[in-house]
Amino acid sequence: MLLSMTGYGRETQTYGDKTINIEIRSLNSKYSDLRLKIPQNYKEKEHEIRRVVTEKTFRGKIDMLIETTSLQGDEEYGLNKALFRKYFEELNSLTEELGAPREELTAAILRLPNVVATDSKSIDEKEWKFVLSVLDAALEKFYQFRLAEGSVLEEDLKTRTQ
């Protein structure tokens, strides 16, 4: 049984008044390289997330995204105005110096870390257990993808060696 190094797994489930979406992608790599993009209030659990994912993915360049979305649209957002201004001043002067277009400067700044922040309450233990179950489901789909692609590669190898 061969496992492909490329893989994809996604799971979306609802917990209370929010939707939790977990997406895992991987590419071939000799080593384990995990890049996480997680909500601010999950940062305290980052070490545990990394442990679970690396134990079940073995190796590869892995990108993982955890998103939470309120079903009621009541998420609290705050704009760090001082940081936004600092980025804008620096990037604006750089675009003028280089003669680069400035059309998408505001959108680009809003995507930078810590410019827009959501309410960062800690997650409770019940929610964390639920997130782990969603993660397990996404990892299972990821494994099944690797298994299916690996069997295709195995058949191709057998055909080519004969």
Side-chain angles (χ1 to χ4, degrees), residues 3-92 95 102-150:
L3 285 178
S4 172
M5 289 307 298
T6 59
Y8 180 80
R10 179 186 179 127
E11 183 69 15
T12 302
Q13 293 185 23
T14 302
Y15 176 81
D17 64 345
K18 65 175 81 170
T19 300
I20 297 170
N21 178 53
I22 299 179
E23 186 175 304
I24 305 166
R25 295 180 304 233
S26 74
L27 296 172
N28 190 11
S29 178
K30 285 183 183 181
Y31 308 103
S32 184
D33 178 20
L34 175 59
R35 290 189 318 165
L36 287 176
K37 187 171 183 182
I38 59 177
Q40 189 65 36
N41 59 333
Y42 287 20
K43 293 289 185 186
E44 66 188 56
K45 303 291 189 179
E46 182 175 345
H47 182 72
E48 189 173 348
I49 293 169
R50 285 184 178 281
R51 182 187 55 76
V52 169
V53 173
T54 54
E55 282 177 2
K56 295 188 177 184
T57 57
F58 310 115
R59 69 175 201 175
K61 183 175 177 1
I62 300 158
D63 290 311
M64 188 176 115
L65 168 70
I66 299 178
E67 292 178 313
T68 59
T69 309
S70 173
L71 296 173
Q72 300 171 346
D74 61 354
E75 296 161 318
E76 293 182 30
Y77 289 94
L79 180 62
N80 185 337
K81 293 177 184 177
L83 185 60
F84 184 94
R85 281 187 189 99
K86 183 71 175 160
Y87 278 133
F88 185 81
E89 290 167 5
E90 293 292 326
L91 293 172
N92 192 37
T95 55
R102 297 189 307 188
E103 290 80 29
E104 297 182 21
L105 194 56
T106 299
I109 293 171
L110 289 173
R111 288 190 299 266
L112 292 170
N114 302 320
V115 173
V116 178
T118 58
D119 185 17
S120 60
K121 293 183 269 183
S122 294
I123 59 173
D124 62 33
E125 204 54 38
K126 280 177 134 177
E127 181 179 347
W128 178 239
K129 288 185 187 306
F130 185 80
V131 169
L132 285 176
S133 71
V134 177
L135 178 58
D136 281 341
L139 285 166
E140 180 59 29
K141 289 179 179 178
F142 176 81
Y143 176 79
Q144 292 302 321
F145 185 101
R146 278 184 158 181
L147 192 61
E149 192 168 297

Problem set entry | Over 12 non-hydrogen atoms of neighbours within 6.0 angstrom of CD in E55 | yes
Minimum side-chain heavy-atom gap [X]-[Y] below 4.5 Å:
| X | Y | answer |
| --- | --- | --- |
| M64 | L36 | yes |
| E125 | W128 | yes |
| Y143 | L3 | yes |
| V131 | I20 | yes |
| L139 | V52 | yes |
| M5 | R146 | yes |
| K141 | Y8 | no |
| L34 | T57 | no |

Exercise. How far apart are the C-alpha atoms of F84 and L112, what are their side-chain angles, what is the distance that settles it, and do they pass the side chain to side chain contact (heavy atoms under 4.5 Å, CB included) test?
Worked result: CA-CA 9 Å; F84 184 94; L112 292 170; over 6 Å; no
For this session: Identify the two heavy atoms, one from F58 and one from S32, that lie closest to each other, and give their separation to 0.1 Å.
Result: O-CB, 4.0 Å
For this session: Work out which heavy atom in F130 is nearest to a heavy atom in T14; give both atom names and the distance.
Result: CZ-O, 3.4 Å
What is the distance from atom [atom1] of [X] to atom [atom2] of [Y], rounded to the nearest 0.5 Å?
| X | Y | atom1 | atom2 | result |
| --- | --- | --- | --- | --- |
| E11 | E140 | CD | CD | 10.5 Å |
| T19 | Q13 | OG1 | CD | 10.5 Å |
| K126 | K129 | NZ | NZ | 11.5 Å |
| K37 | I66 | NZ | CD1 | 12.5 Å |
| E90 | N92 | CD | CG | 10.5 Å |
| T68 | I22 | OG1 | CD1 | 10.5 Å |

Exercise. With no hydrogens and no angle check, do the side chains of Y42 and E127 hold a donor and an acceptor under 3.5 Å apart?
Worked result: yes
Exercise. Between R85 and E89, is the closest basic N to carboxylate O distance under 4.0 Å?
Worked result: no
For this session: Verify side chain to side chain contact (heavy atoms under 4.5 Å, CB included) between L135 and I24, making sure each step is shown before the conclusion.
Result: CA-CA 9 Å; L135 178 58; I24 305 166; 4.3 Å; yes
